[in-house]
Amino acid sequence: MSNQSKKLGSSYEGLQVNIRKLKTPKIDVWKNQYPDKEYAITLDVPEFTCICPKTGLPDFASIKIDYSPDKYCIELKSFKMYTIFYRDTGIFHEHFVNKLMDDFVASSNPRWVKIAAVFNPRGGITTTVSREYKRK
């Protein structure tokens, strides 16, 4: 590892150590009256913002969530409040998508979920982070 790589790597060290323990707002649900039917719901969040934990500058993204509900569907107002929470939160793109997936699955226990977050270019690079979940 070069000295330059060591310098770059160490400047990020410790920034996200406790990210899995981040206390986020609860995502509420409502009872699905068609749990016997497999269907898909798409949620689009075109104006998501969070903070870069390295620079303190805002990051902007478009988030798309496709999921198949079972007993519960996501309540949209609480989900909106969940996304707004991140406006003042320093979080890496990769960690955000993983945290969102964990919270989404914990709240609604869907059949499956696909999340994709497309972050606006930073330094000329667009970052897309995606994760899929399928209940066993």
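The figures that follow rest on heavy atoms only: side chains count, while hydrogens, waters and symmetry mates do not.
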Check: What is the distance from atom CG of Asp70 to atom OG of Ser108, rounded to the nearest 0.5 Å?
Finding: 9.5 Å
Check: Rounded to the nearest 0.5 Å, how far apart are CD1 of Ile63 and CG of Leu43?
Finding: 10.0 Å
Check: Does one hydrophobic cluster hold both Val105 and Val129, with members joined at side-chain heavy-atom distances below 4.5 Å?
Finding: yes
Notebook entry, point to check: With ILVMFWY side chains joined below 4.5 Å, transitively, what does Met81's cluster contain besides itself?
Noted result: Ile84
Notebook entry, point to check: Applying the 4.5 Å side-chain criterion to the ILVMFWY set and letting contacts propagate, would Trp112 and Ile115 be lumped into a single cluster?
Noted result: no
Checklist line | Considering all heavy atoms, the nearest Val97-Ala117 contact | finding: CG2-CB, 3.7 Å
Item checked: Contact check, side chains of Lys99 and Thr24, non-hydrogen atoms, under 4.5 Å -> yes
Margin query: To the nearest 0.5 Å, what is the distance between CD1 on Ile65 and CD1 on Ile74?
Written below: 8.0 Å
Checklist line | Where at least one partner belongs to residues 71-98, residue pairs that pass salt bridge (charged side-chain N to carboxylate O under 4.0 Å, His left out), sequence neighbours excluded | finding: none
Next item on the list: Supply the atom-to-atom distance Ser78 OG to Ile27 CD1, rounded to the nearest 0.5 angstrom.
Entry: 6.5 Å
Checklist line | Common cluster, Val45/Leu100, ILVMFWY with side-chain heavy-atom separation under 4.5 Å | finding: yes
Item checked: Check: Arg131 side chain, Met101 main-chain N or O, donor-acceptor pair, under 3.5 Å -> no
Item checked: Test: Asp102 and Arg20 ion pair at under 4.0 Å -> no
Next item on the list: Show your working on side chain to side chain contact (heavy atoms under 4.5 Å, CB included) between Leu22 and Phe85 and close with a plain yes or no.
Entry: CA-CA 11 Å; Leu22 181 65; Phe85 166 82; 4.0 Å; yes
Note to self: What I'd like to find out is whether the side chain of Asn32 reaches to under 4.5 Å of the side chain of Pro69, using heavy atoms alone.
What the structure shows: yes
Notebook entry, point to check: Would Phe96 and Tyr86 count as a close aromatic pair, with their ring centres under 6.0 Å?
Noted result: yes
Checklist line | Sequence-distant partners of Phe104, ring-ring contact (aromatic ring centres under 6.0 Å, His included), two or more places apart | finding: Tyr67
Notebook entry, point to check: Are Ile41 and Tyr133 co-members of a hydrophobic cluster defined by side-chain heavy atoms under 4.5 Å apart?
Noted result: yes
Next item on the list: Assess whether atom OH of Tyr72 is packed by more than 12 heavy atoms of other residues, nucleotides or ligands within 6.0 Å.
Entry: no
Item checked: Over all atoms of both residues, closest heavy-atom pair of Pro46 and Ser62 -> CA-OG, 4.0 Å
Margin query: Rounded at 0.5 Å granularity, tell me how far SG in Cys52 sits from CZ in Phe119.
Written below: 10.5 Å
Margin query: How long is the straight-line distance from OG1 of Thr128 back to NZ of Lys64, given to the nearest 0.5 Å?
Written below: 12.5 Å
Notebook entry, point to check: Got a sec, which pairs hit ring-ring contact (aromatic ring centres under 6.0 Å, His included) with one end in residues 20-43, sequence neighbours left out?
Noted result: none
Check: Is there a side-chain contact between Ile19 and Phe92 (heavy atoms, below 4.5 Å)?
Finding: no
Notebook entry, point to check: Taking the inter-plane angle between the rings of Tyr82 and Phe79 on a 0 to 90° scale, is it parallel (under 30°), tilted (30 to 60°) or perpendicular (over 60°)?
Noted result: parallel
Next item on the list: Quick one: closest heavy-atom pair of Gly90 and Pro53, and the distance?
Entry: C-CB, 4.0 Å
Next item on the list: Hey, could you give me each pair passing salt bridge (charged side-chain N to carboxylate O under 4.0 Å, His left out) that has a residue in residues 30-48? Not counting sequence neighbours.
Entry: none
Checklist line | Residue pairs involving residues 113-127 (criterion side chain to side chain donor-acceptor pair (under 3.5 Å); sequence neighbours excluded) | finding: Asp59-Arg122, His93-Arg122
